[in-house]
Amino acid sequence: MTYSVALGYNWLYKYLSKEEKEKIENAIINNGLIPGINGKYSTQFLKKSNNWNPICNGSLAIGAIAILNLDKKIELSEKNTEYKFQSKYLEIESDKIENNQYTISINKLCKAIIKRTIDEIPTVYKEMEDGAYEEGTLYWEYGNSYLINFLSTAQLTFNNTFGLVKDEYLKNTILYPIYLTGKSSNKLEECKLYNYGDADEKIINTSASTWLANIYYKDEKLSKIVNWYQKQYFEYQNIYQLLWQNYDSEIENMQDLEETLKNINDKQYKGSEIAILQNNILEKDGFYIAAKAGTIANTNHSDLDAGSLILDAKGTRWIEEQGREYYNVKGYWDKTYNRWTYYKKRAESHSTIVLERDNNKEIEDQKVGSINKITDFSSTQNQSSVMLDLSEAYNFEQDSKNKITRKIELDKTENKVKIEDNINLDNETNIYSMFNIAKNTKIELTNDNKKAILTQNVIQDDNTIKEEKLEMNILNSKYEWSILNKKPLNNDFINESINSNFKYNLELENEQKLCILIKNGKNEKMDIEIY
C-alpha cells in the first residue's frame with residue numbers, strides 16, 4: 001500500500017492540490033513509514049530470505065523516496081520505534097521531550113529507511129542464487145516485481161543501485177520463468193508453467209526480467225529473448241514492460257529467431273535442484289519435462305514433492321501438479337503437522353514415489369527438511385537426462401539406509417521419454433509410484449495392464465480440435481498399472497470426525513491418476529517409456 005500510494009503521489013503530483021498532497025504525505029508517514037520501523041511489525045519482513053523482504057523493504061523505501069525532500073519534522077514515540085533501528089540509522093535531533101518523544105526530520109527518517117532497505121534486501125538473494133526461486137514462479141514474480149521496482153526507482157532517483165546488482169548476479173534469474181514455461185498448448189499465450197509448491201500454472205508477469213535485460217544489463221541477446229517471450233506469451237503487456245522494453249532489441253527474421261533461441265532447451269538449476277528437459281523451445285509439439293529434488297518443505301510455500309515431475313507433449317499437459325490449496329484452511333501454514341494432512345501438499349498427490357508407513361497412518365510421506373540432490377545432468381542435441389537422488393526423502397529413521405533414485409531421459413530424435421526408478425529399502429513395504437494425470441484426460445489400460453493409453457482433445461493453433469494420444473508403457477514384466485482416484489491413501493484425512501477440513505482432500509476425488517503398486521517391495525527397478 002505504501003508503494004501504491006507513493007506511485008500515485010509521484011505520477012500525479014502536479015495535478016494534486018496542496019491539501020491532497022498533505023493528506024497523502026501524512027498517510028505515507030503514519031500508515032507506512034512509522035509502522036515500518038516498529039519492531040513489532042518489521043521483524044515479520046526485515047531480514048527474511050523470502051519474497052516478503054523485497055516486497056516490504058522495497059515498498060517502504062519507495063515511499064521514503066517519494067517524500068524524501070519534504071521539509072517537515074515529526075515526533076516519534078520511543079514505544080513505537082525499534083531501538084536498534086534508531087541507533088544504527090537515525091540521528092536523533094533533540095533530547096527526549098515530554099512523554100518520551102523524539103523530534104526527527106522527514107528527510108532523515110526517509111534516508112534511514114532507504115539505508116536499511118539497501119542493507120537488508122540482499123538477504124533474499126540466497127533464495128535465488130542459482131537463478132531459480134525455491135517458492136516457485138508465482139513468488140518469483142511477487143518478490144522480484146518489488147525488488148526491481150525499488151532498484152529502478154533508486155537508479156532513476158539517485159543514479160545508483162547501491163551495489164544491489166553486483167556484477168552479473170541477477171542475470172541468472174532473467175530466464176527462469178521462460179525455462180519454466182512448458183509446451184502445454186499449441187496457442188502459446190495459453191501455455192502453463194511448472195507450478196511446484198503453491199505456485200499457479202498461469203503465465204506470470206516478467207517485467208522484472210524486462211528491466212534486468214533491457215535497462216540494467218543492456219544485454220542484446222537476453223533482451224531479444226525476453227521481448228520475444230512477452231510478445232508470444234502475453235496477450236496484453238503491463239505498464240512496466242511498456243516502459244522498460246528496448247524496442248531496438250527485436251527478432252528480425254526466422255533465422256535470427258532460431259539463432260537467438262537455439263540454446264533455450266535443457267536447464268539445470270543447481271541450488272534449487274530443478275531440471276528442465278525439452279526439445280527446442282520452438283517445437284511446440286515436442287516434449288517438455290520438468291522435475292525437482294531439493295530441500296523438502298523448507299519454505300512457506302513448498303510441498304512434500306521430491307522426485308515430482310510434469311510432462312507436456314503434443315501441445316498439451318499430460319502429467320500435472322495440483323498446485324495450492326485454499327490458503328485459509330485450518331493449519332495450512334503449520335509445517336510441523338497440519339499442512340501435510342492436505343492431499344495437494346503430500347507426496348501422494350505428486351508424480352513421485354510413496355512408501356507405506358504403518359498403513360499410511362504417519363503424517364509425512366516424505367521427510368520434512370530432507371535434502372535431495374540432482375547427481376547427474378546431461379544435455380546434447382539429440383538427448384538429455386537427469387538423475388535425482390531421492391534417498392533422504394525416505395530415510396525417516398536416523399539409521400535408515402533406503403536408497404531411491406529416479407532417472408529421466410528424453411530422446412529428442414524419437415520424441416519419447418524414459419523414467420527409471422531404482423528402489424532399495426531396508427525392509428519390505430508397499431511402494432506406490434504415482435503419476436498425476438491431467439484432468440480431462442481419458443485413461444485406458446491394455447488387458448495385461450502394462451500399457452496406459454491417455455487421450456485428450458487438444459485445441460490446435462487454428463482453433464480446431466484434434467484427438468491426441470500418449471502411451472505410458474511399463475517395460476518390466478513384474479509390474480502393472482492401476483488407476484486410482486485423487487484422494488488420500490490415509491482414510492483419516494477424509495474422516496470428518498478426525499479432520500474437520502476433510503472436504504479439502506476430496507475436491508479431486510472424481511479425477512484419476514496412474515499408479516504402480518508393489519506390495520511388500522524391497523529391491524525394485526521400474527522402467528517406464530512414454531511416447
Side-chain angles (χ1 to χ4, degrees), residues 196-198 292-308 321-322 325 329-372 388-406 421 423-436 482 484-509 513 515-524 526:
Y196 57 87
D198 282 334
K292 73 182 295 290
T295 304
I296 302 307
N298 65 319
T299 73
N300 288 334
H301 293 285
S302 51
D303 294 350
L304 306 179
D305 61 355
S308 67
E321 282 276 11
Q322 297 297 353
E325 186 49 86
V329 296
K330 182 180 179 182
Y332 192 66
W333 306 109
D334 172 14
K335 294 185 290 182
T336 61
Y337 181 86
N338 282 295
R339 186 177 178 89
W340 317 127
T341 68
Y342 291 104
Y343 176 73
K344 288 184 179 182
K345 303 296 101 185
R346 297 173 57 75
E348 63 183 305
S349 79
H350 297 83
S351 298
T352 190
I353 294 160
V354 174
L355 305 182
E356 190 166 77
R357 301 172 63 214
D358 189 21
N359 294 317
N360 285 311
K361 300 298 182 186
E362 300 284 351
I363 298 300
E364 300 175 25
D365 52 0
Q366 285 186 350
K367 185 178 178 181
V368 170
S370 61
I371 300 173
N372 304 272
L388 311 172
D389 187 343
L390 310 174
S391 305
E392 289 302 313
Y394 302 96
N395 285 328
F396 298 101
E397 308 302 329
Q398 189 170 1
D399 57 350
S400 177
K401 299 276 193 299
N402 292 334
K403 181 71 176 177
I404 298 178
T405 62
R406 164 165 281 184
D421 291 335
I423 301 171
N424 296 281
L425 306 179
D426 295 337
N427 303 297
E428 290 184 352
T429 190
N430 292 341
I431 302 167
Y432 298 83
S433 180
M434 307 284 194
F435 288 89
N436 194 29
S482 57
L484 302 180
N485 288 86
K486 294 179 180 178
K487 64 179 183 179
L489 297 169
N490 183 346
N491 287 327
D492 286 354
F493 295 158
I494 55 176
N495 185 326
E496 188 172 11
S497 64
I498 296 173
N499 182 352
S500 60
N501 286 283
F502 80 103
K503 65 179 180 179
Y504 296 102
N505 283 323
L506 291 180
E507 63 179 355
L508 302 171
E509 66 174 338
K513 61 184 176 181
C515 176
I516 298 172
L517 170 57
I518 307 168
K519 293 189 175 181
N520 301 316
K522 188 174 183 182
N523 298 306
E524 312 293 337
M526 291 177 282

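None of the values given here were measured: they were computed from a predicted structure. Residues take their numbers from the sequence shown, with the count starting at 1. Worth knowing before you read on, the calculation uses all heavy atoms, side chains too, and leaves out hydrogens, waters and symmetry mates.
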*Asks:* Could you check whether Asp198 pairs with Arg339 (Lys NZ or Arg NE/NH1/NH2 to Asp/Glu carboxylate O, under 4.0 Å)?
*Replies:* yes
*Asks:* Distance check, rounded to the nearest 0.5 Å: Lys513 atom NZ versus Ser482 atom OG?
*Replies:* 10.0 Å
*Asks:* Using modelled atom types and a 3.5 Å cut-off, is there a donor and acceptor pairing between side-chain atoms of Ser349 and backbone atoms of Lys344?
*Replies:* yes
*Asks:* What pair of heavy atoms forms the shortest contact from Asn505 to Pro488, and how long is it?
*Replies:* O-CD, 3.5 Å
*Asks:* By the definition side chain to side chain donor-acceptor pair (under 3.5 Å), identify the one residue from Asn395, Asp389, Asn424 that meets it with Lys403.
*Replies:* Asp389
*Asks:* Glu364: what forms a salt bridge (Lys or Arg N to Asp or Glu O under 4.0 Å) with it, not counting sequence neighbours?
*Replies:* none
*Asks:* Taking all heavy atoms of Thr299 and all of Lys335, pick out the closest pair and write down the distance.
*Replies:* O-CD, 3.5 Å
*Asks:* Measure the shortest side-chain to side-chain distance between Asn499 and Asp492 over non-hydrogen atoms and say whether it is less than 4.5 angstrom.
*Replies:* no
*Asks:* Tell me, do Asn402 and Asp426 make a side-chain contact under 4.5 Å, heavy atoms counted?
*Replies:* yes
*Asks:* Are any of the side-chain heavy atoms of Glu321 and Asn436 separated by less than 4.5 Å?
*Replies:* no
*Asks:* Could you tell me whether the side chain of Thr295 and the main chain of Ile371 form a donor-acceptor pair under 3.5 Å?
*Replies:* no
*Asks:* I would like to know whether Asn372 and Ser370 meet side-chain hydrogen bond (donor to acceptor under 3.5 Å, both in side chains); could you show each step before the answer?
*Replies:* CA-CA 6 Å; Asn372 304 272; Ser370 61; 3.2 Å; yes
*Asks:* Find out whether Tyr394 and Ile423 are in side-chain contact, i.e. whether some heavy atom of one side chain is under 4.5 Å from a heavy atom of the other.
*Replies:* no
*Asks:* Could you go step by step and tell me if Tyr432 and Glu356 meet the side-chain hydrogen bond (donor to acceptor under 3.5 Å, both in side chains) rule?
*Replies:* CA-CA 8 Å; Tyr432 298 83; Glu356 190 166 77; 3.2 Å; yes
*Asks:* Among Asp305, Asn338, Asp303, find the residue that satisfies the side-chain contact (heavy atoms from CB on, under 4.5 Å) test when tested with Lys345.
*Replies:* Asp303
*Asks:* Once you round to the nearest 0.5 Å, how far does OH of Tyr342 lie from CZ of Phe502?
*Replies:* 11.5 Å
